[in-house]
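Down below is the structure, laid out as C-alpha cells.
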Amino acid sequence: MKKILNVTFTILLIYFSFYYTNKVSNYIKNKDPIMIKIKSNYNKFYKEPINAIINDNTIIPGVSGVGINIEDSYSNMKKVNSYLENMLVFESIKPSISLKDNLDKLVISGNSVNNNVSILLKINNLDILKSINNKDYNLILDSKFINNNLDYLKNIDNNIVSNNIQEVSDYCYSVNLKESNVCKTIPTIYIEPITYNYAYNTMKNLENGSILTYQIINQNSLVELERVISNIKNLGFKIVSLDTLLNE
C-alpha cells in the first residue's frame with residue numbers, strides 16, 4: 001500500500017510540476033513585449049469569415065476569414081527577438097456555417113464577394129470535348145458518356161460534374177431545384193443549361209458567383225461561347241473552376 005501511495009504521490013508531483021512550469025512560462029510569455037505587440041495588432045489584420053447562405057434546400061458557400069496565428073507568430077519573432085510585421089503568421093478561419101457541413105443542399109452559386117464566375121459545359125461528344133483546352137471550364141457529363149470514355153477522362157484537369165457519383169466525378173448536378181443533394185458525399189450543383197442565344201441569356205444571369213451552364217452540341221456552339229466568354233472577361237469577371245468558385 002505504501003508503495004502505491006509513493007507512486008501516486010510521485011505522479012502527482014510530476015503533474016503539478018509540469019502544470020506550474022507551464023503556467024509560469026505562459027505568464028512570462030504574455031508579459032513579453034513581442035507577444036503584447038502581436039496581440040495588440042490582432043484586430044488590425046483580422047478578417048471576419050462570412051457564413052454560407054442557406055435558403056430551404058439551397059446553399060451559397062461562405063468565405064473564410066483571416067487571423068493572426070499568435071503562437072506561431074511569437075515563435076517566429078523570438079528567433080530574432082524583435083517584433084517584425086513581415087514575420088506574422090496568418091491562418092484561415094472557416095465560417096461556422098459552411099458548404100462542407102451542408103452537403104444535403106443544392107449549390108446555386110458561388111459567393112458574391114469576388115467577381116468570379118464558373119462556366120459549365122454540357123457535352124455528349126468526345127471530339128468536341130477534345131477541342132476544349134481551358135482547364136477552368138467544368139464539364140457536365142452523363143454516366144454513359146463517362147463510362148464509355150473513362151480512360152480519356154482520367155487524364156484531363158477539368159472538373160467533371162455528373163448526374164451521380166462516378167469514378168472521375170468532382171461534383172454532381174441536379175436540374176430539379178426541389179430535390180436534395182443526389183450524391184450526399186460531394187456537392188451537388190443546381191444547373192439550368194443555356195441552350196440558345198448565349199449572349200442574351202448570359203448577360204441576363206451574369207453576376208458575381210454565377211454558375212453559367214451551356215449546352216454544347218457542335219463546334220458552332222463553342223465558337224459562340226468563346227465570344228460570350230470574351231464579353232464576360234471584358235466586364236471584369238474572372239472565369240474560374242468550380243473548385244475555386246466554391247472554395248471557402
Side-chain angles (χ1 to χ4, degrees), residues 58 61 99 103 106-110 116-235 237-247:
T58 68
L99 171 61
L103 290 178
L106 297 180
V107 179
I108 56 174
S109 78
N116 294 335
V117 299
S118 269
I119 302 299
L120 280 64
L121 306 182
K122 191 170 175 49
I123 297 174
N124 199 30
N125 182 299
L126 185 59
D127 290 332
I128 292 176
L129 177 57
K130 287 180 177 179
S131 69
I132 294 171
N133 57 7
N134 189 328
K135 63 182 177 59
D136 287 328
Y137 291 169
N138 309 275
L139 308 174
I140 299 179
L141 308 173
D142 63 30
S143 301
K144 182 179 179 180
F145 184 87
I146 290 175
N147 291 330
N148 289 340
N149 301 283
L150 191 57
D151 289 340
Y152 176 79
L153 296 173
K154 285 181 178 179
N155 295 303
I156 64 175
D157 295 326
N158 304 74
N159 283 144
I160 294 176
V161 188
S162 177
N163 51 355
N164 59 51
I165 294 180
Q166 298 284 327
E167 184 178 344
V168 294
S169 294
D170 302 290
Y171 300 91
C172 287
Y173 76 85
S174 171
V175 296
N176 183 355
L177 194 56
K178 294 183 179 179
E179 72 181 0
S180 296
N181 185 325
V182 295
C183 291
K184 306 302 181 187
T185 58
I186 58 178
T188 291
I189 315 301
Y190 170 68
I191 63 168
E192 290 183 280
I194 297 173
T195 58
Y196 67 96
N197 203 337
Y198 287 180
Y200 172 77
N201 286 305
T202 296
M203 293 304 116
K204 186 172 69 171
N205 293 287
L206 185 61
E207 59 186 12
N208 286 1
S210 289
I211 299 175
L212 301 167
T213 305
Y214 301 88
Q215 179 85 46
I216 304 298
I217 56 175
N218 52 40
Q219 289 294 338
N220 289 334
S221 298
L222 282 179
V223 172
E224 184 180 355
L225 176 67
E226 288 304 322
R227 287 198 292 264
V228 171
I229 296 299
S230 179
N231 290 336
I232 291 174
K233 291 179 178 178
N234 287 338
L235 290 171
F237 292 94
K238 184 177 180 181
I239 309 297
V240 299
S241 68
L242 280 173
D243 286 346
T244 299
L245 188 78
L246 306 182
N247 183 49

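Just the heavy atoms: all of them, side chains too, but no hydrogens, waters or symmetry mates, feed the values below.
- With hydrogens and angles ignored, the 3.5 Å screen pairs a side-chain donor or acceptor of Thr202 with a backbone N or O of Tyr198.
- Once rounded to the nearest 0.5 Å, the distance linking CD1 of Ile239 with CG of Asn134 reads 8.5 Å.
- A heavy-atom distance below 4.5 Å is found between the side chains of Leu103 and Pro187.
- The distance from the CG atom of Leu153 to the CG atom of Leu150 is 6.5 Å, given to the nearest 0.5 Å.
- Closest approach of Leu246 to Gly110, counting heavy atoms only: CD2-CA, 4.2 Å.
- If you run side chain to side chain contact (heavy atoms under 4.5 Å, CB included) between Leu120 and each of Leu139, Ile211, Ile194, only Ile211 comes through.
- The distance from atom CG of Leu206 to atom CG of Asn201, rounded to the nearest 0.5 Å, is 12.0 Å.
- Within 6.0 Å of CD in Glu192 there are 12 or fewer heavy atoms belonging to other residues, nucleotides or ligands.
- Nearest heavy atoms, Ile156 versus Tyr152: CG2-O, 3.7 Å.
- Put simply, the residue from Ile140, Thr195, Leu121 that forms a side chain to side chain contact (heavy atoms under 4.5 Å, CB included) with Ile216 is Leu121.
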Check: Can you check side chain to side chain contact (heavy atoms under 4.5 Å, CB included) on Gln219 and Val223, steps first, answer last?
Finding: CA-CA 6 Å; Gln219 289 294 338; Val223 172; 5.5 Å; no
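- For the pair Ser210 (side chain) and Asn205 (backbone), a donor-acceptor distance under 3.5 Å is present.
- Residues Ile186 and Ile165 share a closest heavy-atom pair of CD1-CG1, 4.3 Å.
- In Lys238, the NZ atom is not crowded: 12 or fewer heavy atoms of neighbouring residues, nucleotides or ligands sit closer than 6.0 Å.
- The only option from Val107, Asn163, Asn164 that meets the side chain to side chain contact (heavy atoms under 4.5 Å, CB included) definition with Tyr173 turns out to be Asn163.
- Side-chain atoms of Asn234 come within 3.5 Å of backbone N or O of Ser230 as a donor-acceptor pair.
- The shortest non-hydrogen separation linking Glu207 to Val117 is O-CG1, 3.5 Å.
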Notebook entry, point to check: Do Ile191 and Val175 pass the side chain to side chain contact (heavy atoms under 4.5 Å, CB included) test, and can you show the C-alpha distance, the side-chain angles, and the key distance before you say yes or no?
Noted result: CA-CA 5 Å; Ile191 63 168; Val175 296; 3.9 Å; yes
Item checked: Chi angles and distances behind the side chain to side chain contact (heavy atoms under 4.5 Å, CB included) call for Ser221, Ile128 -> CA-CA 10 Å; Ser221 298; Ile128 292 176; over 6 Å; no
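- The backbone N or O of Asn138 sits nowhere less than 3.5 Å from a side-chain atom of Asn159 that would complete a donor-acceptor pair.
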Next item on the list: Carefully, step by step, assess Asn125 and Phe145 under the rule side chain to side chain contact (heavy atoms under 4.5 Å, CB included).
Entry: CA-CA 8 Å; Asn125 182 299; Phe145 184 87; 5.6 Å; no
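- In this structure, CG in Asp136 is found 8.0 Å from OG in Ser118, a value given to the nearest 0.5 Å.
- In this structure, Tyr137 OH and Ile119 CD1 are separated by 6.5 Å, a value rounded to the nearest 0.5 Å.
- Inspection of the Ser143 and Gln166 side chains reveals an N or O donor paired with an N or O acceptor under 3.5 Å.
- Two residues are said to be in side-chain contact when any heavy atoms from C-beta on lie closer than 4.5 Å; Glu224 and Asn220 fail this criterion.
- The heavy-atom pair separating Ile123 from Leu141 by the smallest distance is O-CD2, 3.5 Å.
- At distances below 3.5 Å, not a single donor-acceptor pair connects side-chain atoms of Asp157 with backbone N or O atoms of Lys135.
- Residues Leu212 and Phe237 are not in side-chain contact: their nearest non-hydrogen atoms beyond the backbone lie 4.5 Å or more apart.
- A 4.5 Å side-chain heavy-atom check between Ser174 and Ile189 finds every atom pair outside the cut-off.
- Between Asn149 and Leu129, the closest side-chain pair of non-hydrogen atoms is not below 4.5 Å.
- A heavy-atom distance below 4.5 Å is found between the side chains of Ile160 and Asp170.
- With 3.5 Å as the limit, one finds no donor-acceptor pair spanning the side chains of Thr244 and Asn247.
- Here the closest non-hydrogen pair linking Thr58 and Leu177 is CG2-CD1, 3.8 Å.
- Between the side chain of Ser162 and the backbone N or O of Asp142, no donor-acceptor pair lies under 3.5 Å.
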